[in-house]
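Heads up, the thing below is written out as C-alpha cells.
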Amino acid sequence: MDTIRCAIEQQDYIKAFDLLKEHIASNPTYTDTIAILESSIYMGLGDFHAALPCIQDGLKFNPINHELYFLLGMVYESFSEYDKAYLCYENALFHCKDNKDDYTAIEEHFLSFINETGAVVPKVSIILLNFNQLTYTKNCITSIRDYCPASSYEIICVDNGSLESPEEWLKAQPDIKYQISPENLGFAGGCNVGIRMATPGNDIFLLNNDTLLTENALFWLRMGLYEKEEIGASGAVSNYAGNRQTVSVSFNSLSECLEYGFTHNVPMDQPFAYRAMLIGFALLIKHTAFEKTGLLDERFFPGNYEDNDYCTRLIFNDYKLVLCKNSFIYHIGNAGFSTLEEQNQDSRYSNLMEINCHRYMEKWNIRPTYSFYCHTELIDLMEPEDKANAINCLDIGCACGATLLEIQNRYPNANLYGIELDPHSAAFASHIATVVQGNIETMDFPFDVSFDYIILGDVLEHLVEPGQLLKRLKSHLSDRGVIITSIPNILHFSAIGQILMGSFAYADSGVLDRTHLRFFTLYDSANLLQSSGYEITSLQKLVERPSNDFTTMNNLLDCLASIPNVVDKEQFYVTQYIYKAKPIP
C-alpha cells in the first residue's frame with residue numbers, strides 16, 4: 001500500500017494503477033482504503049467519472065470514512081454540482097473530528113471552495129413537536145446531535161399543550177429554540193409555530209419526535225433534495241411508514257435498527273425515486289419551495305393528511321418530490337395520537353384518518369387512496385432491456401400519475417403520456433407528465449405518437465365498449481408495442497360469497513367497485529383481448545385468500561369446487577388478472 005501511495009504522490013498514476021491491480025488480485029475484498037487509492041489514481045488522470053463508483057463502493061464498506069466524503073466532494077465539484085460538493089465537504093469534516101491534520105486540510109479546501117464558487121447550502125431547521133412524550137423527544141434530539149454536523153442544523157421544539165411542561169429541560173439546552181403552547185394546536189398548527197421561529201432562508205425539516213436519525217440519514221436526505229433544482233421536498237424510508245416508504249426488514253431491537261441505518265445509508269444505484277406524495281414523519285422541504293408554498297394547512301386538525309395536502313401543493317407549484325431510498329430513519333409511529341386516545345379528549349381521534357381524508361377530498365376533489373395508487377404489478381411486465389431507451393409510454397386512466405412516476409424511476413429516458421377522465425386528477429398529473437383530460441371512449445386520440453407500452457390499469461371494466469377501445473389502440477402501438485392491463489375477477493370469493501348469500505353490494509373500490517360497468521372472469525377477460533385482435537404473451541394473477549379463521553368461506557369454496565364442471569378453486573382466490581398482449585398482425 002505504501003508503494004502505491006508513493007507512486008500517487010509522485011503522480012506516476014500508471015505505475016500506481018498497475019500496483020493496485022496486483023494488490024486487488026491477491027486481496028479481492030474491496031475496502032475503503034483501496035477505494036481511496038483507486039479513486040485518487042482516476043482523479044489524478046482526470047477521469048472523475050471513473051472515480052465516482054470507486055468512492056461509492058468504498059462508502060458501502062465504511063460509511064463514516066471522511067477521506068471518501070472529501071473525494072466525493074471533489075468529484076461533484078469537478079462536475080460543477082456545487083451544492084452536493086458542499087454537503088460532502090461538510091460531512092467529511094463531521095466524520096473527521098478525531099484527525100486534526102486531515103480536519104485542517106479539508107477545512108481549508110472547503111473554505112477555498114466556498115470563496116471561489118459562492119456555494120452555500122442552507123442549514124436545516126428541524127421542527128419537533130412534543131406532546132406528553134418528552135422521553136421520545138430527548139432521544140430524537142440525541143440522535144440528531146450524534147449523527148448530524150452541528151453546523152448543518154438548528155433544532156426548534158414546540159411543546160403542544162403537554163400536561164407537564166418540558167420548559168425546564170428545554171431551558172437547559174443551549175442548542176434548542178423552543179416555544180411552549182398552552183393548548184394542542186395539532187400537528188400542522190404546532191409545526192407552523194416552529195416554522196415561524198426558523199432562521200430565514202433555512203430548509204425546513206418536519207420530523208416526528210418519535211423518530212431516531214441514523215448515521216448519514218440527514219446527509220442523504222439533503223443530497224436528494226439538492227439532486228436537482230426542481231426538487232422541492234425529500235423523504236426517508238423507515239420501519240414504520242406508508243406510501244411504499246417501508247423497508248421490508250424485521251427488527252428485534254433498537255440496536256438492530258441503528259445498525260441497519262449504518263449499513264443502509266450508503267450510496268446505491270438509483271437511490272432517489274420520484275413520488276407523487278411523501279409521508280410527513282420526516283419531510284425535508286427546500287427553502288425556495290417553502291417560500292412559494294407556505295405554511296401547513298391547519299384545517300387538518302389534529303393531524304394526518306396535512307402531508308398529503310402539502311405535497312399536493314408542491315406538485316401544483318411544479319416542484320418534484322423525491323424519496324431517498326438510502327436514508328433510513330427509525331420511527332415508532334403514532335406516539336402523539338395514541339396519547340390523545342389514552343386521554344380520551346375527543347372521540348374524533350378514533351376516526352381521525354377518515355375525517356381528514358374527507359377534508360382533503362373536499363379541498364382537492366381527489367380521492368387520495370384511489371388516485372395515488374401505483375400499478376407496480378403492471379410496470380413489472382415492461383422489458384428490462386428498455387431501461388436506457390427512449391420508449392413511449394401511455395397510461396390510460398392515469399389518475400394522479402403515480403404509475404407514470406414509477407415508470408420514470410425505472411426507465412429514466414421514457415417519454416410519459418397519460419389520459420385521465422377525472423379533471424382534478426388530470427390537473428395534478430399534468431404536472432408530472434404530458435396528460436390530457438377526457439373520456440377515452442368518446443374523445444379523439446390526443447397524441448401523434450406510436451407507443452411501445454399502453455397501460456390500462458383497472459380501466460376496461462369501467463368502459464361501455466372495452467373491445468372497441470382495444471381495437472382502436474392497435475393503430476397507436478409501435479411495431480413492438482404491447483398492451484399491459486389489469487382486469488378484476490368477478491369470481492373472487494369476496495364477490496361470490498355475497499352473491500351466494502343473496503347480495504350484490506357495491507363498494508368504493510375493489511372487485512365490486514360501484515363504477516364498474518363490466519364484469520369479467522378469466523375466460524371473459526382473455527376472450528376480450530383475443531377477440532379484439534391481440535395475442536396474450538403473459539398472464540399473471542394477483543391473489544387474495546380468505547384468512548384461516550374465515551371457516552365458513554373456506555368451507556363454501558370447498559363445496560363449490562366439488563361441483564362438476566365448476567372452475568378450479570384457485571380462480572376464487574384471484575382478485576385481478578394481469579395481461580401483456582401484442583396485436584396480431
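Only heavy atoms go into these numbers, but all of them, side chains included; no hydrogens, no water, no symmetry mates.
- N439 CG: more than 12 foreign heavy atoms inside a 6.0 Å radius.
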Between E90 and R222, is the salt bridge (Lys or Arg N to Asp or Glu O under 4.0 Å) condition met? List the steps.
CA-CA 12 Å; E90 184 179 57; R222 297 174 81 197; 2.8 Å; yes
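- When all heavy atoms are compared, the tightest approach of G186 to N160 is O-ND2, 3.1 Å.
- Separation of atoms CG (L87) and CH2 (W220) is listed at 10.0 Å; rounding is to 0.5 Å.
- Ring planes of H476 and F445: parallel class, angle under 30° (limits at 30 and 60°).
- Using a cutoff of 4.0 Å between basic side-chain nitrogens and carboxylate oxygens, K177 and E154 are scored as salt-bridged.
- A salt bridge does not link K286 with D83: none of the charged nitrogens is closer than 4.0 Å to a carboxylate oxygen.
- Side-chain atoms of S40 and L71, non-hydrogen and from C-beta on, do get closer than 4.5 Å to each other.
- Y136 places none of its side-chain heavy atoms less than 4.5 Å from the side chain of N208.
- The minimum heavy-atom distance linking Y417 with L404 is given by the pair O-CD2, 3.4 Å.
- Remark: the backbone N or O of D422 is not paired with any side-chain donor or acceptor of S425 at under 3.5 angstrom.
- For the residue pair L296 and C191, the shortest heavy atom distance occurs at CD2-CB, 4.3 Å.
- Under a 3.5 Å cut-off, the side chain of Y69 and the backbone N or O of L59 do not form any donor-acceptor pair.
- In terms of modelled atom types and a separation under 3.5 Å, the side chain of N115 and the main chain of L111 share a donor-acceptor contact.
- R359 has no carboxylate O lying under 4.0 Å from a charged side-chain N of D297, or vice versa, which leaves the two without a salt bridge.
- A salt bridge links R145 to D175: at least one charged side-chain nitrogen sits closer than 4.0 Å to a carboxylate oxygen.
- The backbone N or O of F61 lies less than 3.5 Å from no partner atom in the side chain of D32, so there is not a single donor-acceptor pair.
- Nearest heavy atom pair, residue L278 against residue G235, reads CD1-N, 3.6 Å.
- Atom NZ of K228 is surrounded by 12 or fewer heavy atoms from other residues, nucleotides or ligands within 6.0 Å.
- Ring centroids of F372 and F428 are separated by less than 6.0 Å, placing the two rings close together.
- Cation-pi geometry between K97 and F94 is satisfied (NZ or CZ under 6.0 Å from the ring centre, within 45° of the ring normal).
- Put simply, the side chain of D210 never gets that close to the backbone of H331: no donor and acceptor are under 3.5 Å apart.
- A donor-acceptor pair is defined here as one N or O able to donate and one able to accept, closer than 3.5 Å; no such pair exists between the side chain of Y310 and the backbone of L295.
- In terms of heavy atoms, L314 sits closest to A233 at CD1-CB, 3.8 Å.
- Ring-plane geometry between F316 and W364 is classed as parallel, the angle between the planes falling under 30 degrees on a 0 to 90 degree scale with a further cut at 60.
- Annotation: Y89 is in aromatic contact with F70 [ring centroid separation under 6.0 Å].
- Without hydrogens or angle criteria, N265 side chain to E215 main chain gives a donor-acceptor distance under 3.5 Å.
- Using a 30° and 60° split on the angle between ring planes, F113 and F110 fall in the parallel class, below 30°.
- Proximity of S234 to M223: side-chain heavy atoms (C-beta onward) are nowhere separated by under 4.5 Å.
- The closest side-chain heavy-atom distance from I329 to S143 is not below 4.5 Å.
- Checked by atom type and distance alone, the side chain of D395 never pairs as donor or acceptor with a backbone atom of G418 at under 3.5 Å.
- The backbone N or O of N243 sits less than 3.5 Å from a side-chain atom of R275, completing a donor-acceptor pair.
- Between D380 and R410 there is a salt bridge, since at least one side-chain N of the basic residue sits less than 4.0 Å from a carboxylate O of the acidic one.
- Ionic pairing of K320 and E227 is not present here: no N-O contact between side-chain nitrogen and carboxylate oxygen is shorter than 4.0 angstrom.
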Between H49 and Y42, is a ring pair (Phe, Tyr, Trp, His ring centres under 6.0 Å) present by the stated rule, with each step listed?
CA-CA 8 Å; H49 286 280; Y42 280 124; over 10 Å; no
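- By the 4.5 Å heavy-atom criterion applied to side chains, L378 and T403 are not counted as neighbours.
- For E230, the CD atom is densely surrounded, since the number of other residues' heavy atoms within 6.0 Å is greater than 12.
- Remark: side-chain polar atoms of N356 are paired, donor with acceptor, to backbone N or O of N304 under 3.5 angstrom.
- Contact of the Y305 side chain with the M353 side chain is registered, since non-hydrogen atoms from C-beta on lie closer than 4.5 Å.
- In this structure, a donor-acceptor pair under 3.5 Å is absent between the side chains of Q173 and Y178.
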